[in-house]
Amino acid sequence: MSVHNRPLKKVAVLVSVGRHPVSGMARYSRNDAAALSMAVTLAQSTADINVDIMHAGDPDNSALSDYLALGAKTIKVVACHVDEDVIPALKQALENYDLILCGGRAEAGEETGLVPYLLASQLCLPLVADVMEITSDSSVGINDVVLQQFLPKGRRRTIVVSLPALLTVHPLAPSNARYAYANLRNGAIERQQPPPQPQLAEMSVSGHSPQDWTQAPASARPLKLVAQEKRSGHARMLSATVTESRGGKIIQEGSTSEKAQAILAYLREHRLVDY
């Protein structure tokens with residue numbers, strides 16, 4: 001599919017069903033709600049922009065009404081079974097949009113964070129991750145948008161992206177969405193016709209069939225191996241605000257065995273392994 005630059009007219013926000021961290025009840029996804037707030041703010045500041053809210057899944061899921069309360073006037077739902085791949089359905093529904101916004105990952109399920117990347121690949125669109133703010137500035141061109149991107153250690157950078165494009169919103173992006181019951185009552189959920197699914201069984205990105213998945217409470221994340229630092233408090237404070245070299249070693253030459261030995265030597269030197 002060929003992609004041509006075009007002015008910003010149609011914006012789509014992809015939303016998913018989240019899960020409350022304590023009760024486990026289905027609710028809106030906080031990341032997707034931030035994307036919705038960003039799109040609404042953009043539409044209010046720029047004329048002639050149409051924002052559509054899209055979801056692939058169960059149209060009868062009660063959690064979708066949360067997005068109506070947060071400001072979505074209509075949610076277009078492509079009906080998909082839990083065992084079906086959502087990429088073909090979303091690809092067909094999003095082919096004519098200038099800008100696509102979504103959260104970085106879901107709050108339930110496998111949470112691989114690969115859906116935006118797979119979708120961008122299928123649509124042949126550039127993807128910009130961890131967006132904090134988006135503005136439409138006519139001074140940079142009618143086919144471009146100005147983004148503020150999150151960087152490590154609290155840094156930000158401003159970049160210009162040509163349309164069409166797909167953006168993932170950072171969890172710390174500002175959101176002014178407010179829950180209003182009147183918006184929920186006035187909103188509507190529209191069912192879209194799903195595309196035909198292939199006859200062959202699809203495999204997930206992990207290589208397992210969806211029928212093999214099981215749901216369980218999330219376990220604690222594994223601790224990363226971090227070498228102990230023998231520096232003063234002042235030096236550690238400076239390293240948190242100033243980008244500096246940690247004295248790492250990049251090994252490009254040698255066999256696989258030699259590279260593995262170098263990694264093992266580093267772990268032994270910093271007492272991260274005891275063998």
Begin with the C-alpha distance, continue with both residues' side-chain angles, and end with the deciding distance and a verdict on side-chain contact (heavy atoms from CB on, under 4.5 Å) for D58 and V17.
-> CA-CA 10 Å; D58 182 9; V17 176; over 6 Å; no
Tell me whether [Y] is reachable from [X] by hopping between hydrophobic residues (I, L, V, M, F, W, Y) whose side-chain heavy atoms are closer than 4.5 Å.
| X | Y | value |
| --- | --- | --- |
| V169 | L172 | no |
| M132 | V146 | no |
| L36 | V128 | yes |
| L151 | V160 | no |
| Y266 | V273 | yes |

Under 3.5 Å, side chain of [X] to main-chain N/O of [Y], donor-acceptor pair present?
| X | Y | result |
| --- | --- | --- |
| R105 | G103 | no |
| H55 | V15 | yes |
| S121 | Y117 | no |
| Y97 | V51 | no |
| R155 | P152 | yes |

Just how far is it from atom [atom1] of [X] to atom [atom2] of [Y], taken to the nearest 0.5 Å?
| X | Y | atom1 | atom2 | answer |
| --- | --- | --- | --- | --- |
| R30 | S175 | CZ | OG | 9.0 Å |
| L125 | I100 | CG | CD1 | 5.5 Å |
| D52 | E190 | CG | CD | 8.5 Å |
| L42 | I49 | CG | CD1 | 4.0 Å |
| L166 | L94 | CG | CG | 8.0 Å |
| T135 | M38 | OG1 | CE | 10.5 Å |

Decide yes or no on side-chain contact (heavy atoms from CB on, under 4.5 Å) for N186 and K73, but give the supporting numbers first.
-> CA-CA 7 Å; N186 294 330; K73 293 179 172 44; over 6 Å; no
Measure across [X] and [Y] and return the closest heavy-atom pair with its distance rounded to 0.1 Å.
| X | Y | answer |
| --- | --- | --- |
| Q148 | R156 | CG-CB, 4.0 Å |
| K10 | D98 | N-OD2, 2.8 Å |
| P59 | R191 | CG-NH1, 3.5 Å |
| A165 | V161 | CB-CG1, 3.7 Å |
| G57 | V77 | O-CG1, 3.9 Å |
| A129 | Q149 | O-NE2, 2.8 Å |

For K259 and I263, what are the C-alpha separation, side-chain angles and deciding distance, and is it a side-chain contact (heavy atoms from CB on, under 4.5 Å)?
-> CA-CA 6 Å; K259 295 176 182 178; I263 295 174; 5.6 Å; no
Non-hydrogen side-chain atoms of L163 and L99 separated by less than 4.5 Å = yes
Side chains of I87 and V115: does their closest heavy-atom pair fall under 4.5 Å?
-> yes
Can you name the residues that form a salt bridge (charged side-chain N to carboxylate O under 4.0 Å, His left out) with D66, not counting sequence neighbours?
-> none
For the pair N50 and K9, evaluate side-chain contact (heavy atoms from CB on, under 4.5 Å) and give the outcome as yes or no after the intermediate values.
-> CA-CA 6 Å; N50 180 49; K9 295 295 183 182; over 6 Å; no
Which of L101, D32, L119 passes side-chain contact (heavy atoms from CB on, under 4.5 Å) with L14? Answer is L119
Ring pair (Phe, Tyr, Trp, His ring centres under 6.0 Å) contacts in which one or both residues fall within residues 153-192, not counting sequence neighbours | F150-H170
Assess whether salt bridge (Lys or Arg N to Asp or Glu O under 4.0 Å) is satisfied between D130 and R157, documenting all intermediate values.
-> CA-CA 11 Å; D130 296 335; R157 72 173 175 182; over 6 Å; no
